[in-house]
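Below is one structure; the comments refer to it alone.
Counting convention: from 1, in listed order, for ligands and their atoms alike.
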Amino acid sequence: MASSRGEFSSRFGFIMAAAGSAVGLGNIWGFPTQAASNGGAAFLLVYLVLAFTLAYPALMAELVIGRHAHANAVRALRLISTGPKSRFVGGATGIIGFIVASLILSFYAIVAGWMIAFCLSSATALLGFDDASTWLSSFSLEGNLFFMLAFLALTVGIISRGVQDGIERWSSRLMPVLLVTLVLLVLYVLSLEGASEGLKVYLLPDFSRALEPSLIISALGSAFFSLSLGVGTMLIYGSYISDKENLPVLGGMVTLVDILIAVVSGFLIIPAMYVALHNGVEIFDSTGALISEDTLIFTVLPGLFSTMGMAGTIVSFSFFFLMSIAALTSSISMLEVPVAYTIEEHGVERKTSVMAIGLMIALASTVILFNFDTLFGLVVAISTRYAQPLLGFIFCVYAGWIWHRNRVLKELRKGSEDVENTLFWKIWPWYVRLVCPMIIMGIFIQSIFG
Ligand code: PHE
């Protein structure tokens with residue numbers, strides 16, 4: 001069965017695909033801006049701890065379940081269920097997961113569209129087409145619609161080619177480009193005046209903030225979003241891994257790459273803000289806090305680039321190019337979730353499924369764009385702040401409680417015979433059984449009532 005539904009051809013291919021999914025706007029944009037406004041290195045520390053102790057075990061839960069079933073989340077969770085109730089909850093979780101994945105894609109495509117527009121805006125500026133360049137960075141409704149659709153078309157194009165020719169091939173091409181672009185940008189920005197001030201903010205921890213509940217909640221949300229957890233993305237990628245592979249090692253590598261890119265992006269964004277300050281661009285808001293989120297990306301950074309002349313335009317192009325690639329390797333993993341479900345459960349042909357679901361998501365994005373002020377923040381909050389941790393919780397419960405421990409062990413043994421004697425097997429089972437669900441719930445309840 002595995003071969004007819006597609007499989008990653010190599011370990012490298014899987015790591016690029018899964019890291020491509022994980023590394024996205026969340027890492028390059030979300031993480032550094034949150035770190036900057038939440039105590040710098042203190043946030044970094046909390047993030048690192050949560051990523052290894054919570055996100056990695058939760059990632060492993062998805063990978064193991066997916067690889068075992070070689071199927072989408074709905075079928076996989078039903079397969080490991082032990083009775084009618086857990087079968088029902090499992091199936092429902094899978095279905096909610098693919099709806100949430102589609103919702104995430106519907107807002108992600110809008111933001112990614114802005115990235116493409118800003119990238120082209122720099123390109124046209126370089127060529128001397130100033131009017132076009134101004135229009136491209138003006139966030140006009142037509143522009144927003146057009147680039148959202150263009151981004152979705154790219155995503156649809158890749159996913160319609162399947163696992164090896166689409167996901168694996170494009171992730172393996174784009175991820176190295178992303179890495180090189182990121183490193184070059186960091187090196188350049190660090191060489192500018194004012195950057196060292198930003199390094200201090202990033203690297204000197206403000207521990208008075210490290211234990212604030214709001215900080216821990218944002219760090220957990222970031223870690224979950226960043227590793228693409230809770231919506232079945234990693235489960236479906238896991239289902240395309242060959243039985244020969246050592247899952248704990250593969251999962252560890254993906255986590256490492258994801259964290260590394262987030263941390264390296266911090267070395268780009270935060271110093272860049274202080275270079276901007278040095279060049280006379282405002283980087284603090286009226287309350288004295290660092291400007292973050294969209295204003296940072298689309299006002300402060302372009303403000304900085306425009307003080308740098310020609311070099312600024314090239315840097316601007318590279319930066320938005322980087323963001324567009326990061327978004328694309330993530331969006332394909334979101335689209336694969338509902339597509340795999342309709343192919344496997346309803347026998348729909350891949351191309352038909354991709355087109356139909358792509359159109360529905362384009363429609364959802366259009367509705368969001370027309371009601372931006374009311375819907376955008378709401379969709380982001382529902383899908384990433386609430387749904388992702390809650391679904392992640394259920395995946396952990398399935399891996400830790402519902403699925404029999406010996407069967408989990410049997411699955412893990414496939415790619416690593418003596419897994420029983422490893423540190424992983426000493427820690428992970430009770431982690432995913434007790435620690436992860438408890439902490440996710442605790443933080444979740446805090447975030448609602450706290
Ligand atoms: N991990 C991606 C990012 O950091 C977002 C994502 C979430 C991708 C959920 C897939 C599923 O931007």
Over 60° means perpendicular and under 30° means parallel, so classify the ring planes of F139 and F298, tilted if in between. perpendicular
Contact check: L229 vs ligand 1, nitrogen or oxygen atoms, below 3.5 angstrom: no
Closest non-hydrogen protein atom to atom 2 (C) of ligand 1, residue and atom name please, with distance? S21 O, 3.3 Å
Show which atoms of ligand 1 fall inside a sub-4.0 Å distance from at least one heavy-atom site of S226. 1 (N), 4 (O)
Residues two or more places apart in sequence or in another chain: which of them pass ring-ring contact (aromatic ring centres under 6.0 Å, His included) with Y237? F8
Shortest protein heavy-atom distance from atom 8 (C) of ligand 1, along with the residue and atom involved: S228 OG, 3.3 Å
For the residue pair F444 and Y386, does the interplanar ring angle fall in the parallel (under 30°), tilted (30 to 60°) or perpendicular (over 60°) class? perpendicular
Do any N/O atoms on N27 end up under 3.5 angstrom from N/O atoms on ligand 1? yes
Using the ring of each side chain (for Trp, its six-membered ring), is F43 parallel, tilted or perpendicular to F31, with breaks at 30° and 60°? tilted
Answer yes or no: does atom CE of M441 have more than 12 heavy-atom neighbours from other residues, nucleotides or ligands under 6.0 Å? yes
Under 3.5 Å, N or O to N or O, is I104 touching ligand 1 that way? no
Quick one: do the S331 and T155 side chains pair a donor with an acceptor below 3.5 Å? yes
Quick one: is the NZ or CZ of R173 closer than 6.0 Å to the six-membered ring centre of W170, and within 45° of its axis? yes
Among T233, T329, L227, the residue with a heavy atom nearest to atom 11 (C) of ligand 1 is T233
Side-chain contact test, heavy atoms from C-beta onward, threshold under 4.5 Å: evaluate it for F424 versus M60 and give yes or no. yes
Please could you name the atoms of ligand 1 that S333 approaches to less than 4.0 Å, counting only its heavy atoms? 10 (C)
Answer with yes or no whether A101 contacts ligand 1, where contact means a heavy atom under 4.0 Å from a ligand atom. no
Atom 7 (C) of ligand 1: the protein heavy-atom neighbour that sits closest, reported with distance to 0.1 Å: F225 O, 3.6 Å
Ligand 1 N/O within reach of Y108 N/O, cut-off under 3.5 Å: yes
Tell me which protein heavy atom sits closest to atom 4 (O) of ligand 1, plus the residue, atom name and distance to 0.1 Å. A22 O, 2.9 Å
